[in-house]
Amino acid sequence: MRTYDHGALEKKWQERWHRDAIYKTPDDTEREKCYILDMFPYPSGEGLHIGHPKGYVATDVYARNRRMNGKNVLHPMGWDAFGLPAENYAIKNKMHPQVAVRKNIKRFKEQLARIGFDHDWEREVDTTDPEYYRWTQWIFLQLYKKGLAYESHEPINWCPSCLTGLANEDLEGNTCERCGTLIEKKPMRQWVLRITEYADRLLADLETLPWQESVKEMQRNWIGRSEGAEFDFPITGTDEVIRVFTTRPDTLFGATYVVLAPEHPSVDRLRTAIQNLAEVERYRTEAAQKTEIERTAGTKEKTGVLLEGVQATNPANGESLPVFIADYVLSTYGTGAIMAVPAHDERDNAFAKAFGVPIRTVIQGEGAEEDMVYTGAGTLVNSGPFDGMQSEEAKAAITKHAHGTQVVRYRLQDWVFSRQRYWGEPIPLIHCETCGVVPVPEADLPVRLPDVESYEPTGTGESPLAGIDEWVNTTCPGCGGKGMRETNTMPQWAGSSWYYVRYMDPKNDTALVDPKKEKYWSPVDIYVGGMEHATRHLIYARFWHKFLYDIGVVYTMEPFTKLYTVGLVLAEDGRKMSKRWGNVINPDDMVDKVGADAFRVYMMFMGPFEQATAWSIDHMAGARRFLERVYGLSERVAADAESDALLRSRTIRKVGDDILAFNFNTAISALMIMVNELEKRASVAREDMETLLLLLAPFAPHLTDELWESLGHKESIHCAAWPAYDTTVLEQAEITIVVQVNGKTRGSFTTAQGVLKEELISLAKEVPSVIPHLQGKTVRREVVVPGRLINFVVS
RNA sequence: GCCGGAGUGGCGGAAUUGGUAGACGCGCACGACUCAAAAUCGUGUCUCGCAAGGGGUGAGGGUUCGAUUCCCUCCUCCGGCACCA
């Protein structure tokens, strides 16, 4: 008996697949395509994490199955290599980030190769390759030209540890997602993308996507749509008008004061009217520094300052109202100003009680309790001509009456797109004293990232690029005069926002993508990656895709049709893997131990793909044992063995359906059942064995190719056709009918399919274990479920 | 607080539209092989009961001939958003 030496066997097949280029993406566009994509990895210095291969094995299995089914498969891989970790790694190890990235990519590739993936490496992309980021810059220029990229000096999130500005999406609460440091608000010059312009489409088109509900819901929450109205509250004795946003125009008569966010620009314009200016300024300064910390501490205690001498007029009833500034009103949401209705809003209520402002009930609702702030809808009271009206109706009526405007507001904020760090795509703009901001001509792209002596962030609000005079100083493309290059770089999320397009046409140097190729391959049919990208990468990519659609570069509204999120691989102790716990599992060690095939089979068998599951060395050993048994079976193949068409057909159907539905664990279970069956026999029919190998090939590509060859095949099993199941055989198979009496199972019998109801009933009554339960009883009802069961209701 | 997802043996987990709960694997027990062990193979493995039979899918109610699946109330865990007006 031969031995299953996975080391030598896997090496042999990996080399042969490479030699024969069997995974090369076909050029012809006649056949049906399948574009299956992994979220490409960040090539960190740590090497491959165990979570990576789980997703990659799934797409690999799927891709192999599709290829065997005759589809043109695009299953590429690449590197998302710009960004902070590479830069920090480079700083720490005193090497150029590009050198560090190349080194890490090499390591990742070796690790991936050992697991036997079917990626087409001719289409590899690397976001740090100037030929790649040339097009990232090109997209930025198009955004700029359409007015969707703008320069701003607003206060933004600043990480005092990473020394860069961040987008809202880069925060975890009030801390930096990367390093956990508390975020500060810092006014600085920055480039911002107008993603809010696409908020409505990003939200609406979610409905067209067959994604899992949780991801869609996360995006809905992130975008945060609310319908309401805006009203103008004029300030007495000035030209100033405060515009407020509310979702409850029906409560307008209950407004007893107005609150502005501390940063609200009206405060500056009202300086002469404000009698307690010193106090106001003190509060504003405090708020600017303290807000974030206080919010983290979780105190909801209301603070604020009355603007003495300032009165606002309620547009509904002409009432004169006091005006406050308070940090519970956010400058970034709505208009940065609210009308406060303490009777029907928890926060306004708390503030009003703390500051002694009157509280006026204007809504009476069912279930309203004493001492509780009623925030529901109801019947209007104390609302002049609108008394007695219902909330819904009153919203429109009062909006009209008080000359308000119906508006829709989003929680989503524009995408802060500049980073004050070295390792990113340079933003392709030039500042000129006469022409202002001028885009770099497209012919001059890429604007290459120059070498620099120190990659360390400066912390000054400028990137290290600002220190390279010979790079910064250039000629203005507009007037030919003196120009200075933009020194901010793009965030890590830029390159990953369109890479799936590049794979379709990776070598194109005259256009972002050849329209013919884009039309053929787009959209991505299956996209697989981590849940953590739900409100970042997946929103950014959808935004850029819609923009590319608008400018006619791509032809679909959405980039990714199906989305599967990889469930976390936990450590054996059930906790997250972490160096701190010392419970990290290294994929290389596992592959050494049991081989890539057993590793792959285990990863797919460990549980439902999208669910978090703890690693188990024992369970992985079980996967290895399973493959040993397949190996053993192959030595029992005999010409005179009886084949089992029913077993084959059942397994073919189950495995095929399960792979397409991403139910890999039950697919493997079906293969195990087949092996169990075949093992009962003294010898195995060639046809049965070949079917087993074909079905197992996507999961265990090396072993199956070896055994396939040993059966005399010259061509790789991965170029063979997926077997078809025989419908007739399945239809002619006997089925088991369960017999119940009063809903309790009392027996079963087997019969041919399609037997008439009457005959089934008489067969059921004759089942020995059923007879005693019917004796002396009257059958009141006979429930017959075709092909499944019969239930006698007796008394 | 709002929203989404999930609770099934000792463990990972299976169960078409409501139709034999616990497939498959791990572990464990016993047996075979062995001087012995490992490996391998065989048998058993939700629970109470000698058995017939009863109970059982987080808890309690309901609908139904029949509920892990549908409805109501509640508990627990995971994830997202959260002073968003």
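First the proteins, then the strands, lettered A, B, ... as listed; each starts at 1. None of these values were measured; they are calculated from a predicted model.
- Lys744(A) has a side-chain polar atom (N or O) that falls below the 4.0 Å cut-off from OP1 or OP2 of G55(B).
- Applying the Watson-Crick and G-U wobble criteria (two distances, each under 3.5 Å), C33(B) pairs with nothing in any strand.
- Shown here, C50(B) forms no base pair; nothing in the strands shown gives a Watson-Crick or G-U wobble contact with both key distances under 3.5 Å.
- Going from atom CE of Met531(A) over to atom C1' of C81(B) covers 13 Å, rounded to whole Å.
- Here the rule is salt bridge (Lys or Arg N to Asp or Glu O under 4.0 Å) with Asp688(A), and of Arg648(A), Arg650(A), Lys680(A), Arg636(A) only Arg648(A) fits it.
- Remark: Asn665(A), Thr666(A), Ser669(A), Met672(A), Ile673(A) in residues 655-673 of chain A come within less than 4.0 Å of RNA chain B through at least one heavy atom.
- Comparing the P positions of G61(B) and G56(B) gives a spacing of 11 Å, expressed to the nearest Å.
- A donor-acceptor contact shorter than 3.5 Å is absent between the side chain of Thr778(A) and the backbone of Arg780(A).
- Atom name C1', nucleotides G62(B) and C77(B): the rounded distance is 26 Å, in whole Å.
- Here, C72(B) and G22(B) have their P atoms 29 Å apart, quoted to the whole Å.
- Arg225(A) contributes no side-chain N or O that, together with a main-chain N or O of Asp200(A), makes up a donor-acceptor pair within less than 3.5 Å.
- One interatomic measurement links the two molecules: CG of Asp327(A) to P of A85(B), which rounds to 17 Å at whole-angstrom precision.
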Practice task
Apply side-chain hydrogen bond (donor to acceptor under 3.5 Å, both in side chains) to the pair Ser226(A) and Tyr333(A), showing each step before the final yes or no.
Solution key: CA-CA 11 Å; Ser226(A) 48; Tyr333(A) 186 76; 2.5 Å; yes
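- Within 4.0 Å of Gln611(A), counting heavy atoms only, lie sugar-phosphate atoms of the nucleic acid but no base atom.
- As rounded to the nearest Å, A37(B) and G31(B) have P atoms that lie 11 Å from one another.
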Heteroatom pairs (N/O) under 3.5 angstrom, protein to nucleotides 37-48 of chain B:
none

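- A donor-acceptor contact shorter than 3.5 Å is absent between the side chain of Asn791(A) and the backbone of Val783(A).
- Listed nucleotides A85(B), G13(B), C81(B) differ in distance to Trp222(A); the shortest reach to its side chain belongs to C81(B).
- Judged by Watson-Crick or G-U wobble contacts below 3.5 Å, the nucleotide G22(B) has no partner.
- Counting non-hydrogen atoms of other residues, nucleotides and ligands closer than 6.0 Å to CD of Glu227(A) gives a total of 12 or fewer.
- Other residues, nucleotides and ligands contribute at most 12 non-hydrogen atoms within 6.0 Å of the CD atom of Glu154(A).
- For Gln219(A) (side chain) and Thr535(A) (main-chain N/O), no donor-acceptor pair under 3.5 Å exists by modelled atom type.
- Near RNA chain B, meaning a heavy atom under 4.0 Å from it, residues 615-623 of chain A has Asp618(A), His619(A), Gly622(A) in order of number.
- Taking a 6.0 Å sphere around CZ of Arg411(A), one finds it holds more than 12 heavy atoms contributed by other residues, nucleotides or ligands.
- Pair check for A38(B) finds none; no Watson-Crick or G-U wobble contact set falls under 3.5 Å.
- The NZ atom of Lys654(A) sits 13 Å away from the P atom of C24(B) (whole-angstrom rounding).
- For the C1' atoms, the distance from A15(B) to A21(B) is 7 Å, rounded to whole Å.
- When distances run from any side-chain atom of Asn676(A) to the nucleotides G25(B), A85(B), G53(B), the shortest one goes to G25(B).
- Checking U76(B) for Watson-Crick or G-U wobble geometry (two distances, each under 3.5 Å) identifies A6(B) as its partner.
- In this pair, Phe351(A) and Phe355(A) present their aromatic rings parallel. The plane angle is below 30°, not in the 30 to 60° band.
- Listed in residue order, the members of residues 763-781 of chain A having a heavy atom less than 4.0 Å from RNA chain B are His773(A), Arg781(A).
- Residue Phe605(A) places its side chain closer to C24(B) than to any other of C24(B), G13(B), C65(B).
- Between Gly336(A) and Pro608(A), the residue anchored nearer the 5' end of RNA chain B, judged by the nucleotide with its closest heavy atom, is Pro608(A).
- Side-chain N or O atoms of Tyr283(A) include one that pairs as donor or acceptor with a backbone N or O of Asp327(A) at under 3.5 Å.
- Distance CG (Asn742(A)) to P (G54(B)): 11 Å, rounded to an integer number of Å.
- Relative orientation of the Phe324(A) and Tyr257(A) rings is perpendicular, given thresholds of 30° and 60° on the angle between their planes.
- Backbone-only engagement by Arg746(A) is indicated by non-hydrogen atom pairs under 4.0 Å involving sugar-phosphate atoms exclusively.
- Taking atom CD of Glu172(A) as the reference point, atom C1' of A82(B) lies 15 Å away to the nearest angstrom.
- Base pairing annotation: U68(B) forms no Watson-Crick or G-U wobble pair, as no partner gives both donor-acceptor distances under 3.5 Å.
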Taking only N/O atoms, report every protein-nucleotides 2-4 of chain B pair under 3.5 Å with atom names and distance.
| from | atom 1 | to | atom 2 | distance (Å) |
| --- | --- | --- | --- | --- |
| C3(B) | O2' | Glu217(A) | OE2 | 2.5 |

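- A side-chain N or O of Gln212(A) and one of Thr565(A) form a donor-acceptor pair less than 3.5 Å apart.
- Anti is the classification of G10(B), since its glycosidic angle lies more than 90° from 0.
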Problem - Audit row: Phe605(A), Phe664(A), ring pair (Phe, Tyr, Trp, His ring centres under 6.0 Å) steps and yes/no - result: CA-CA 7 Å; Phe605(A) 188 58; Phe664(A) 305 109; over 10 Å; no
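- Nucleotides U8(B) and U69(B), compared at atom P, are 14 Å apart to the nearest Å.
- Annotation: side chain to side chain contact (heavy atoms under 4.5 Å, CB included) contacts of Ile737(A) (sequence neighbours excluded): Ile735(A), Phe749(A), Thr751(A), Leu760(A), Ile790(A).
- Thr375(A) places no side-chain N or O within 3.5 Å of a backbone atom of His344(A) that could act as its donor or acceptor partner.
- The distance between atom CG of Leu171(A) and atom C1' of C81(B), rounded to the nearest whole Å, is 14 Å.
- Distances shown here put every side-chain N or O of Tyr328(A) at or beyond 4.0 Å from the OP1 or OP2 atom of A85(B).
- Shown here is Glu734(A), whose CD atom has more than 12 heavy atoms of other residues, nucleotides or ligands within 6.0 Å.
- Mapping Met218(A) and Thr247(A) onto RNA chain B by nearest heavy atom places Met218(A) closer to the 5' end of the strand.
- For the C1' atom pair drawn from C48(B) and A39(B), the interatomic distance equals 38 Å after rounding to whole Å.
- A donor and an acceptor atom, one from each side chain of Asn157(A) and Asp170(A), are nowhere located under 3.5 Å apart.
- Within the 4.0 angstrom heavy-atom criterion, base atoms lie near Thr736(A).
- In this model, no donor atom of one side chain and acceptor atom of the other lie less than 3.5 Å apart for Trp415(A) and Glu169(A).
- Residue Thr246(A) is classed as a sugar-phosphate contact, given heavy-atom separations below 4.0 Å to backbone atoms only.
- Formation of a donor-acceptor pair under 3.5 Å by the Lys777(A) side chain with backbone atoms of Ser795(A) is not found in this model.
- Remark: the separation of the C1' atoms in U57(B) and U68(B) is 5 Å, to the nearest Å.
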